Trainee: 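To start, I am sharing the structure in question, which I have written as structure tokens.
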Protein chains: 2
Amino acid sequence: MSDLVTRLRRHNWRITPQRRVIAETLEGSHVHFTADEILERAVERMPELSRATVYNTLNEMVALGEVLELTLDGRSKRYDPNADHEHHHLICEGCGLMKDVHAMADPVDWLPGDERHGFAVTRASITYRGLCPECQAAQS
Amino acid sequence: MSDLVTRLRRHNWRITPQRRVIAETLEGSHVHFTADEILERAVERMPELSRATVYNTLNEMVALGEVLELTLDGRSKRYDPNADHEHHHLICEGCGLMKDVHAMADPVDWLPGDERHGFAVTRASITYRGLCPECQAAQS
DNA sequence: TCCTTCTTTAGACATAGTCTAAGCTAGGAT
DNA sequence: ATCCTAGCTTAGACTATGTCTAAAGAAGGA
Ligand SMILES: [Mn+2]
Ligand SMILES: [Mn+2]
Ligand SMILES: [Zn+2]
Ligand SMILES: [Zn+2]
């Protein structure tokens, strides 16, 4: 897996100290952080880092196509550094736990031509929902 | 199509004049309105209707399972009265146009057991993205 | 060094949604 | 019919998330 900073550099995008800290914070963990969670953690390494820079940087990384923006609930957006590996998400309706998953088929292939309304369909993402093991146990 | 008010009544849910106007506004159109779009239109029939009641009522209809809450972008939630017909959504990345679509298979079946992380997976929704005919024309 | 461009920053602003406290309504009990 | 209670509605304050602005701060080429 070519790391995020390397991928970003290919876009002739200046890797400032702030941008490096943000990218490394984003990639360092395997969860899907919100902007404020990234700020919270990045600030431990760079105390003067501002909220505006975190938002600006995340938006730029999304525009470059190197980070995915997930809007799975109506709360904060979440950022996913794993943009170079096609995958979907499985979310627990009890506690919000989120897992990356891989489906056996490309959902675009399962959309018949007469359901496309003339669109040029380029991609599809699946959101699976259910209960995680702990929330199942808590419920019964 | 058993209408939304009828479905709501089955839950022993009081159909007040406000709730009726909101439900009928939601169902009357085939687009997916935001809360404020519903307020805007419902107020034409009931000028004293408040924003809080629109939000309260939509949340209750979602909790009853009779309306779907869609969070497809990071902006406002959208509400879909068509909760009794399984379907997915196709969105134009140019203009935001949204269409209901029906896939040929249930995506839950495409998720292998070893990708379920012990979850009890209950449902899945697909978001298709692409360009609508008009945005394709505008681009070329 | 000087100049230009890009980046960062604090804080103001915008928007979407929730909460609160008070008043209102509907319907059952008397 | 009147009273009572539970639930509903309301305006507006409040919260959370994200964007914008204007000024100051790098960076790098001439
Ligand atoms: Mn992911
Ligand atoms: Mn729909
Ligand atoms: Zn859970
Ligand atoms: Zn379009």
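By convention in this document, chain letters (A, B, ...) are assigned in the order of the sequence lines, proteins followed by strands, and residues within each chain are numbered from 1. Bear in mind the structure is a predicted one, so any value in this text is a computation, not a measurement.
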Trainee: In whole Å, what is the span from the CZ atom of Arg78(B) to the P atom of dA16(C)?
Mentor: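 The distance from CZ of Arg78(B) to P of dA16(C) comes to 10 Å, rounded to the nearest Å.
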
Trainee: Salt bridge or not for Arg51(A) and Glu40(A), using N-O below 4.0 Å?
Mentor: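 Salt bridge absent between Arg51(A) and Glu40(A).
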
Trainee: How many Å lie between CZ on Arg19(B) and P on dT10(D), as a whole number?
Mentor: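 Rounding to the nearest Å, CZ of Arg19(B) and P of dT10(D) are 11 Å apart.
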
Trainee: Hey, could you give me the CZ/CG distance between Arg41(B) and Leu49(B), rounded to the nearest 0.5 Å?
Mentor: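 Arg41(B) CZ to Leu49(B) CG: 14.0 Å, rounded to 0.5 Å.
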
Trainee: Nearest whole Å is fine: how far is dA16(D) P from Glu40(A) CD?
Mentor: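 The distance from CD of Glu40(A) to P of dA16(D) comes to 14 Å, rounded to the nearest Å.
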
Trainee: Would you compute the distance between atom CG of Leu39(B) and atom CE of Met46(B) and round it to the nearest 0.5 angstrom?
Mentor: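 Rounded to the nearest 0.5 Å, the CG-CE separation comes to 12.0 Å.
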
Trainee: Closest approach to the side chain of Ser76(A), judged atom by atom: which nucleotide of dC20(D), dT8(C), dT17(D) is it?
Mentor: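 Closest of the options to the side chain of Ser76(A): dT17(D).
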
Trainee: In this structure, how many angstroms lie between the P atom of dC8(D) and the CG atom of Asn59(B), rounded?
Mentor: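 Interatomic distance, CG of Asn59(B) to P of dC8(D): 14 Å.
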
Trainee: Is Arg75(B) touching bases, backbone alone, or none of the nucleic acid, heavy atoms closer than 4.0 Å?
Mentor: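 The answer is nothing, as Arg75(B) stays clear of every strand by at least 4.0 Å.
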
Trainee: Return whichever of Thr34(A) or Pro17(B) has its heavy-atom-nearest nucleotide of DNA chain D closer to the 5' end.
Mentor: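 It is Pro17(B), whose closest nucleotide lies nearer the 5' terminus.
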
Trainee: Asp73(B) has an atom CG; how far is it from atom P of dT15(C), in whole Å?
Mentor: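 In whole Å, dT15(C) P and Asp73(B) CG are 15 Å from each other.
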
Trainee: Give one of base, sugar-phosphate or nothing for Arg51(B), where a contact means two heavy atoms less than 4.0 Å apart.
Mentor: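 The answer is base, as Arg51(B) lies within the cut-off (heavy atoms under 4.0 Å) of a base atom.
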
Trainee: Starting at the 5' end of DNA chain D and moving along, which residue's nearest nucleotide shows up first, Glu60(B) or Gly74(B)?
Mentor: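 Residue closer to the 5' terminus by nearest nucleotide: Glu60(B).
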
Trainee: Find which nucleotide of DNA chain C each of Ala52(A) and Ala52(B) is nearest to by heavy atoms, and output the residue with the more 5' nucleotide.
Mentor: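 The answer here is Ala52(A).
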
Trainee: Leu39(A) CG to dG18(D) P: how many Å, rounded?
Mentor: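 One finds 12 Å between P of dG18(D) and CG of Leu39(A), rounded.
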
Trainee: Checking all strands, does Thr16(A) fall into the base, sugar-phosphate, or nothing category for heavy-atom contacts under 4.0 angstrom?
Mentor: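 Sugar-phosphate only.
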
Trainee: Could you check which of dA16(C), dA27(D), dG12(D) has an atom nearest any side-chain atom of Arg14(A)?
Mentor: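 Selected nucleotide (nearest to the side chain): dA27(D).
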
Trainee: How many angstroms lie between CZ in Phe33(B) and CG in Leu58(B), if you round to the nearest 0.5 Å?
Mentor: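 Result: 11.5 Å between the selected atoms.
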
Trainee: Quick one: which of dA16(C), dT17(D), dC19(C) gets closest to the side chain of Tyr55(B)?
Mentor: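 Among the listed nucleotides, the one closest to the side chain of Tyr55(B) is dA16(C).
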
Trainee: Please report, rounded to the nearest Å, how far the P atom of dT9(D) is from the CD atom of Gln18(B).
Mentor: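 One finds 5 Å between P of dT9(D) and CD of Gln18(B), rounded.
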
Trainee: Charged N to carboxylate O below 4.0 Å: is that the case for Arg78(B) and Glu37(B)?
Mentor: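 Looking at Glu37(B) together with Arg78(B), the answer is yes, because their closest N to O distance falls below 4.0 Å.
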
Trainee: What's the CZ-C1' distance between Arg20(A) and dT8(C), to the nearest Å?
Mentor: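 It is 17 Å, rounded to the nearest whole Å.
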
